Colleague: 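Here's a structure for you.
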Number of protein chains: 2
Amino acid sequence: MGIKDVARLAGVSQGTVSHVLNHPDRVSPGKTAAVEAAIAQLGFVRNEPARQLRAGYSNTVGLLLLDAWNPGFMDLARGVEDATAERGWTVLISNSGRDINREQTYLRLFAEGRVAGLIVIPHDESADGLHRIRTGGIPVVVVDRAESGEHKLSVAVDDVTGGRDAARHLIELGHRHLAFVGDELTAAPVHDRLAGVRRAVDEAVGEGLDVRLEVIPAELTVEAGREVGERLAKLPAKRRPTAVTAAIDLLAFGVLQSLLSHGLRVPDDVSLMGYDDIPFARQLSVSLTSVRRPHYEMGTTAAHLLTDVLTGATPQDRHVVFEPELVVRASTAAGPANYKEGT
Amino acid sequence: MGIKDVARLAGVSQGTVSHVLNHPDRVSPGKTAAVEAAIAQLGFVRNEPARQLRAGYSNTVGLLLLDAWNPGFMDLARGVEDATAERGWTVLISNSGRDINREQTYLRLFAEGRVAGLIVIPHDESADGLHRIRTGGIPVVVVDRAESGEHKLSVAVDDVTGGRDAARHLIELGHRHLAFVGDELTAAPVHDRLAGVRRAVDEAVGEGLDVRLEVIPAELTVEAGREVGERLAKLPAKRRPTAVTAAIDLLAFGVLQSLLSHGLRVPDDVSLMGYDDIPFARQLSVSLTSVRRPHYEMGTTAAHLLTDVLTGATPQDRHVVFEPELVVRASTAAGPANYKEGT
DNA sequence: CTCGATTTTTGAATCGTGTCAAAGTTGGAT
DNA sequence: ATCCAACTTTGACACGATTCAAAAATCGAG
């Protein structure tokens, strides 16, 4: 069950079989046919580990996702796949599920497996693990994390601006009591979004507006959103924020669901925003205002950065930052300060 | 940068370094410490292809998904990951995206990479490819496809029954003009669902009911659903089915969206059902009646089947079939034949 | 202190493939 | 018929880690 058996059956040497596999032009049609027949007959499958050991390189890149259940990351994965496939590489995906141990396990797996390169959406505390691999000689593209350095590669979104845009939108609508749902410590992108929200609030206060911000810690799941919505619904109307912006769409889904089920109207009683603009956002009972991140393009960009480096080409940029885009839908409407002007 | 360098630095032989890595109990504490220090100092990373070549086995299993954008399959993936991780294996995921060429590419990649085993949600026409791999000696668990045979492994759902339950539900509600959205040829599970629907219709006709079924071919995407909804909305009310059952929830999402945007009411004008019961189904503008498939459990079951075989244990079952469950929500209501009784 | 038993360490052989220098073959020009 | 160039084919070696038999070191009992 190796090249040797194929060679014996085809009546040629091992070297010839190897050439049929790797340099078909160097071998005569007759022998090629004989070898291919033998391969088919034996059901020979090339032993990739052996190939890789001898050849010293791999055509596979690894993609380590943070949370495959966030549809945005699946779009990113599709971008990575499309762009790498186009350039002749294959992708192996794994998913840390925001579990730092799994992340370490998979990073080691990829590093030991000698993939040619890695695209990683890292957990927050894993900088050292990435660095260890990077020094191991495997190029790494870090996604969704502020990075810098000439020998590093990254693709990110300016989530501070995104958060600022979100909060501004609400403030301009006339809302003065805002809430941000999400845990500042969970993930760097969430941290940035909150920082942006805070900046917008500070700016508004600087302009003399009486804007108040409340931060409601929560995990990044629909379930957690539901609990937050419940808590909000039970608050007396005067103490309840009139506008809520969630760290990610999934959270907003949960909040929306429990607000509605407690008889509150969105956006009439509470304006609600998500973040990410995942495909389902527009198809909710109340279509969700959100901040769109170009996930697919992030994926293709990360793949291009990586394959450029792998093929020896120097990419023009080593750190790409995308700008998010506010997408206004039905879930946000005028708040107290603008009531005179319309619903 | 290999075991040899570690050995030199630590002042021991290669064999000892290897033992530290694989049989720590066989080596004295002193040498162990020296070796570990050398490993840390050099940043040594074990070369997995070389290990695998010599040792002849791998601790990794492959998971080939059909369509990672269908949330149900991601639940399945989570099940696979949890169950395999628990038993000490790691999972590499790839996604064919219903593209048979990609599927072949990834199957070959996994086979050549000598993963220990595979869990595959196959494209319809790929039976031979799977077989080729199976004979290559790698155990394969086939998901979502009727299989049999003592040396084969599979996990599936009885989608015929699921389709029958769905259609029955609609017929019992009083609907007599049904439509099934989905292409009979796209995928085996869809084929089964339609077969189930047809059976329910035939049974109803046998009982003297005048039930009519229309089949509307469509790809399995939200976008395709939107087009179908559009076409349905433009039909004169008399020629329009009063109940629509979609091959998967994603399709139903699209149908729902365009029905609503054309001013039709769900379920008042048209009853609508999905299939899969993905998490978002209940959170739509009109919560969706659907047929639940236990995706997570399918994943854990597939993983257990596979790891059992890999470890030499004989699994009690080799073919597991789950029963789907009808989940009635707001999108289906009484049809013409029952109008007297309710909404 | 010695001997036998047990534990620790060593070094050579090996896994399956790709490469490369060398040997073999072919074919056209003279 | 001969020769040279171009093309094919061969076979030995190397990649890096594991393994195993054998050598070396250690330990305990007498």
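Fair warning: this is a prediction, and the values are worked out from it, not measured in the lab.
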Colleague: Determine: side-chain N/O of B:His23 to OP1/OP2 of D:dT19, distance under 4.0 Å, yes or no.
Modeller: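 Answer yes for this pair, as a side-chain N or O of B:His23 is under 4.0 Å from OP1 or OP2.
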
Colleague: For B:Val12 and for A:Arg51, find the nucleotide of DNA chain C with the closest heavy atom, then tell me which residue's nucleotide is more 5'.
Modeller: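 Residue closer to the 5' terminus by nearest nucleotide: B:Val12.
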
Colleague: Side chain of B:Met1 only, please: which of C:dG16, D:dA17, D:dG16 is the nearest?
Modeller: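 Out of C:dG16, D:dA17, D:dG16, the nucleotide with an atom closest to B:Met1's side chain is D:dG16.
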
Colleague: Please report the distance, rounded to the nearest Å, between CG in A:Asp25 and P in D:dC7.
Modeller: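 Rounded to the whole Å, the gap is 11 Å.
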
Colleague: Is any side-chain N of the basic residue among B:Asp82 and A:Arg102 closer than 4.0 Å to the acidic one's carboxylate O?
Modeller: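 Result for this pair is yes, salt bridge flagged.
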
Colleague: Once hydrogens and angles are ignored, does a donor-acceptor distance under 3.5 Å link the base of C:dT14 to the side chain of B:Arg54?
Modeller: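 Donor-acceptor pair under 3.5 Å: yes.
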
Colleague: Does B:Ser28 put a side-chain nitrogen or oxygen below 4.0 Å from OP1 or OP2 of C:dT9?
Modeller: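 Answer is yes, contact under 4.0 Å.
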
Colleague: Just how far, in rounded Å, is P of D:dC15 from CG of B:Leu53?
Modeller: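 The answer, rounded to whole Å, is 14 Å.
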
Colleague: Between B:Lys31 and A:Ile3, just flag the one whose closest nucleotide in DNA chain C comes earlier from the 5' side.
Modeller: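 Nearest nucleotide further toward 5': that of B:Lys31.
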
Colleague: Between C1' on C:dG16 and CG on A:Leu42, what's the gap in Å once rounded to a whole number?
Modeller: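 Distance, rounded to whole Å: 15 Å.
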
Colleague: Step by step, work out the salt bridge (charged side-chain N to carboxylate O under 4.0 Å, His left out) result for A:Asp308 and A:Arg87.
Modeller: CA-CA 10 Å; A:Asp308 278 353; A:Arg87 296 185 173 197; 2.9 Å; yes

Colleague: I want to check one thing: is the phosphate of D:dT18, taken as OP1 and OP2, less than 4.0 Å away from some side-chain N or O of B:Asn22?
Modeller: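 Yes, because at least one side-chain N or O of B:Asn22 sits under 4.0 Å from OP1 or OP2 of D:dT18.
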
Colleague: How long is the line joining NE2 of B:His19 and C1' of D:dC20, in whole Å?
Modeller: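 Distance check: B:His19 NE2 to D:dC20 C1' gives 8 Å.
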
Colleague: Compare every heavy atom of B:Ala10 with every heavy atom of B:Ala34, then report the nearest pair and how far apart it is.
Modeller: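 Scanning both residues, the minimum pair turns out to be O-CB, 3.8 Å.
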
Colleague: Using a heavy-atom cut-off of 4.0 Å across all strands, would you classify A:Gly56 as base, sugar-phosphate, or nothing?
Modeller: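 Answer is nothing: A:Gly56 stays at 4.0 Å or more from every strand.
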
Colleague: Under 4.0 Å between a side-chain nitrogen and a carboxylate oxygen: does that hold for B:Arg78 and B:Glu81?
Modeller: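 Salt bridge between B:Arg78 and B:Glu81, a charged N being under 4.0 Å from a carboxylate O: no.
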
Colleague: When the distance from NZ of A:Lys4 to C1' of D:dT10 is rounded to whole Å, what number comes out?
Modeller: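 In whole Å, D:dT10 C1' and A:Lys4 NZ are 15 Å from each other.
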
Colleague: From the list C:dT10, D:dG16, D:dT18, which nucleotide is the closest neighbour of the side chain of B:Thr16?
Modeller: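 For the B:Thr16 side chain, the nearest candidate turns out to be C:dT10.
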
Colleague: Taking only side-chain nitrogens and oxygens of B:Ser13, does any of them come within less than 4.0 Å of OP1 or OP2 of C:dG11?
Modeller: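 So the side-chain polar atoms of B:Ser13 never come under 4.0 Å of the phosphate oxygens OP1 or OP2 of C:dG11.
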
Colleague: Quickly work out the B:Gln14 CD to D:dA14 P distance and round it to whole Å.
Modeller: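 One finds 14 Å between P of D:dA14 and CD of B:Gln14, rounded.
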
Colleague: At 4.0 Å (heavy atoms only), tell me whether B:Phe44 reaches a base, stays on the sugar-phosphate, or touches nothing.
Modeller: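 Contact class for B:Phe44: sugar-phosphate only.
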
Colleague: Separation of A:Gln52 atom CD from D:dA17 atom P, in whole Å?
Modeller: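 After rounding, the gap between these two atoms is 13 Å.
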
Colleague: What is the separation between atom CG on B:Asn47 and atom P on D:dA14, rounded to the nearest whole Å?
Modeller: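 Taking CG of B:Asn47 and P of D:dA14, I get 18 Å after rounding.
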
Colleague: Side chains of B:Asp144 and B:Arg293: closer than 4.5 Å at any heavy-atom pair?
Modeller: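 Result yes, sub-4.5 Å side-chain heavy-atom pair found.
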
